Amino acid sequence: MTAQIITVTSGKGGVGKTTAVANLATALAADGRKVVCIDGDIGLRNLDVVMGLENRIVYDIVDVIEGRCKLRQAMIRDKHYPELYLIPAAQTRDKNAVSASDMKRICNEIKPDADFILIDSPAGIERGFRNAIAPADRVLVITNPEVSAVRDADRVVGILEAEEKGNPSLILNRLNPALVRNNDMLSAEDVLDLLGIHLIGIVPEDEAVIIGSNRGAPVVTDARSRAGQAFRNIAKRLQGEEVPFMDLYSQGGFWGALQKWTRRK
C-alpha cells in the first residue's frame with residue numbers, strides 16, 4: 001500500500017475546495033479505500049466542520065510539526081468510515097508555522113499505510129498553496145464557471161506547470177445548466193477551452209451540498225443528490241475507472257460536443 005497524494009486547489013477562495021476534499025475522501029472511503037485528509041489552510045480550518053469532526057479535535061498538524069504529539073494522535077477517525085481520517089489545521093497559528101518540507105515529511109510518514117492522501121489547499125498562491133502542492137503526486141484544480149474564478153485557476157495552472165507538477169485535472173463546480181442554456185454562465189466547454197487541461201468531473205449546482213456541509217454530512221452520502229453522484233463519479237475516476245460523464249442537459253447537442261472535446265484531451 002502506497003498512497004497517492006492528491007492536492008485540491010484553485011487560487012480563488014469560495015469555489016468549493018474544502019467541500020470537494022470532504023466529498024471525494026468520503027466517496028473513496030465508501031469504496032473501501034484508506035484515506036487521510038490534511039487541512040492545509042493554517043489559521044482558517046474548515047475541513048473538520050464539513051466532515052462533522054470539529055468536536056473531536058485534540059491535536060492539529062502544527063502540534064505534530066512542533067513535537068507536541070505523535071502523528072497518529074492528530075489523526076481523527078471519521079464517525080462513519082473507519083478507514084477515513086482527518087489531520088486538522090491549526091486555527092491559532094499563521095501559515096509560517098508549516099513549511100513545504102514539513103508537509104512532505106508528514107505525507108511520507110502516512111504514505112505506506114494509506115491508499116489516498118487528500119490535501120485541502122488554502123486560497124491564493126502564496127506560502128500555504130506552495131506547501132499544499134509540494135508533496136502532491138497529482139493536483140486537482142477546482143473552479144466555478146465564473147470569469148474571475150477561471151482566471152485565477154489559469155494562474156494556478158501556470159504555476160503548477162512551472163513547478164513541474166505534471167498535468168493537473170479540472171473539477172468544474174456549481175454548473176447551472178439552465179444559466180448556461182440562457183448564455184448567463186460560462187459553459188463547461190468555454191472553461192475547458194480557456195484552461196486547456198484534462199476534465200475529471202463536473203459538479204452541478206445543488207442545494208443539498210450546502211445542507212450537507214452545514215450538517216457535517218458530505219453530499220456523497222445522499223443517494224438522491226446529483227452533486228453527490230458527480231463526486232462519487234470523480235472518486236471512481238481517481239481510482240482508474242472509466243466512468244461516463246453525467247448528462248446535465250436535456251438537449252444532447254451541447255453535451256455530445258463536450259463529450260467529444262473531453263475524448264480529444
Side-chain angles (χ1 to χ4, degrees), residues 1-9 17-42 45-90 97-122 128-140 165-166 168-169 200 216-218 220-221 231-232 234-241:
M1 183 185 293
T2 301
Q4 181 180 173
I5 304 170
I6 300 173
T7 296
V8 179
T9 188
K17 290 185 298 296
T18 301
T19 299
V21 170
N23 278 282
L24 293 175
T26 302
L28 289 166
D31 284 342
R33 304 293 185 172
K34 184 172 182 179
V35 185
V36 179
C37 301
I38 300 176
D39 191 339
D41 199 353
I42 307 301
R45 72 181 181 214
N46 282 305
L47 186 54
D48 56 309
V49 174
V50 179
M51 295 178 71
L53 299 173
E54 68 274 17
N55 294 326
R56 304 178 70 182
I57 295 174
V58 177
Y59 297 109
D60 57 50
I61 192 169
V62 175
D63 290 321
V64 176
I65 290 166
E66 296 183 350
R68 286 185 291 275
C69 71
K70 301 291 186 183
L71 178 60
R72 295 289 174 180
Q73 292 176 286
M75 291 172 61
I76 304 168
R77 188 193 298 266
D78 187 77
K79 291 180 285 189
H80 305 289
Y81 299 95
E83 294 297 285
L84 173 58
Y85 298 85
L86 166 67
I87 300 174
V98 180
S99 68
S101 60
D102 291 328
M103 291 293 285
K104 288 180 179 178
R105 177 175 60 82
I106 286 172
C107 288
N108 285 338
E109 189 172 339
I110 300 168
K111 200 169 184 177
D113 300 315
D115 296 305
F116 289 92
I117 300 170
L118 270 60
I119 302 174
D120 183 11
S121 170
F129 159 76
R130 294 180 185 277
N131 289 346
I133 66 170
D137 300 314
R138 184 173 188 177
V139 180
L140 307 182
K165 280 297 174 183
S169 298
I200 195 169
V220 289
T221 61
F231 280 122
R232 289 193 295 272
I234 295 169
K236 297 287 188 187
R237 295 180 192 118
L238 290 174
Q239 296 173 79
E241 297 183 34

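Everything numeric in this text was worked out from a predicted model, so none of it was measured.
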Could you tell me if the side chain of [Y] sits less than 4.5 Å from the side chain of [X], heavy atoms only?
X    : Y    : answer
P88  : I76  : yes
L71  : I87  : yes
I6   : F116 : yes
R33  : Q239 : yes
I65  : V98  : yes
L24  : L140 : yes
I119 : D39  : no
L53  : R77  : no

Check this for me: does any side-chain nitrogen of one of D63 and K70 sit under 4.0 Å from a carboxylate oxygen of the other?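 Result for this pair is no, no salt bridge flagged.
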
Salt bridge check: are K111 and D137 linked by an N-O gap of less than 4.0 Å?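 Salt bridge flag = yes for D137 with K111.
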
When you measure from the side chain of K79 to the backbone N and O of G52, does any donor-acceptor pair fall under 3.5 Å?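 Flag set: sc K79 to bb G52 pair under 3.5 Å.
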
Within the distance-only criterion (no hydrogens, no angle test), does the side chain of D78 pair as donor or acceptor with the backbone N or O of L84 below 3.5 angstrom?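 No; judged by distance alone, with no hydrogens or angles, the pair does not exist.
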
Looking at R56, I want to see if its CZ is surrounded by more than 12 non-hydrogen atoms of other residues, nucleotides or ligands under 6.0 Å.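 Above 12, so yes.
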
Just checking K165: does its NZ atom have more than 12 heavy atoms from other residues, nucleotides or ligands closer to it than 6.0 angstrom?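 Yes, NZ of K165 has more than 12 neighbouring heavy atoms, counting only those of other groups under 6.0 Å.
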
I61/I42 under side chain to side chain contact (heavy atoms under 4.5 Å, CB included): CA gap, chis, key distance, verdict: CA-CA 9 Å; I61 192 169; I42 307 301; 3.7 Å; yes

Taking I110 as the fixed residue, which of D113, N108, I106 is the one that meets the side chain to side chain contact (heavy atoms under 4.5 Å, CB included) rule?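 By the side chain to side chain contact (heavy atoms under 4.5 Å, CB included) criterion, I110 pairs with just one of D113, N108, I106: I106.
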
Criterion side chain to side chain contact (heavy atoms under 4.5 Å, CB included) on M75 and V36, from CA distance to verdict: CA-CA 8 Å; M75 291 172 61; V36 179; 3.8 Å; yes

Report the distance from atom [atom1] of [X] to atom [atom2] of [Y], rounding to the nearest 0.5 Å.
X    : Y    : atom1 : atom2 : answer
L238 : S169 : CG    : OG    : 8.0 Å
L47  : D41  : CG    : CG    : 10.0 Å
L28  : R232 : CG    : CZ    : 12.5 Å
R130 : M103 : CZ    : CE    : 14.5 Å
K17  : L118 : NZ    : CG    : 14.0 Å
R138 : I133 : CZ    : CD1   : 16.0 Å

Show the nearest heavy-atom pair for residues [X] and [Y], with the distance to one decimal.
X    : Y    : result
I200 : I234 : O-CG1, 3.6 Å
T221 : T26  : CG2-CG2, 4.0 Å
C69  : A74  : SG-CB, 4.2 Å
A3   : I117 : CB-CG1, 3.8 Å
A25  : C37  : CB-SG, 3.2 Å
A27  : V220 : N-CG2, 4.0 Å

Side chain to side chain contact (heavy atoms under 4.5 Å, CB included), that's the test. Do I38 and D120 meet it? Break it down for me. CA-CA 6 Å; I38 300 176; D120 183 11; over 6 Å; no

Distance-only polar pair, side chains of [X] and [Y], donor-acceptor under 3.5 Å:
X   : Y    : value
Q4  : D115 : no
S99 : S101 : yes
T18 : N46  : no

Before you tell me yes or no, could you show the steps for D31 and K236 under salt bridge (Lys or Arg N to Asp or Glu O under 4.0 Å), namely the whole-Å CA-CA distance, both residues' side-chain angles and the distance that decides it to 0.1 Å? CA-CA 9 Å; D31 284 342; K236 297 287 188 187; 3.2 Å; yes

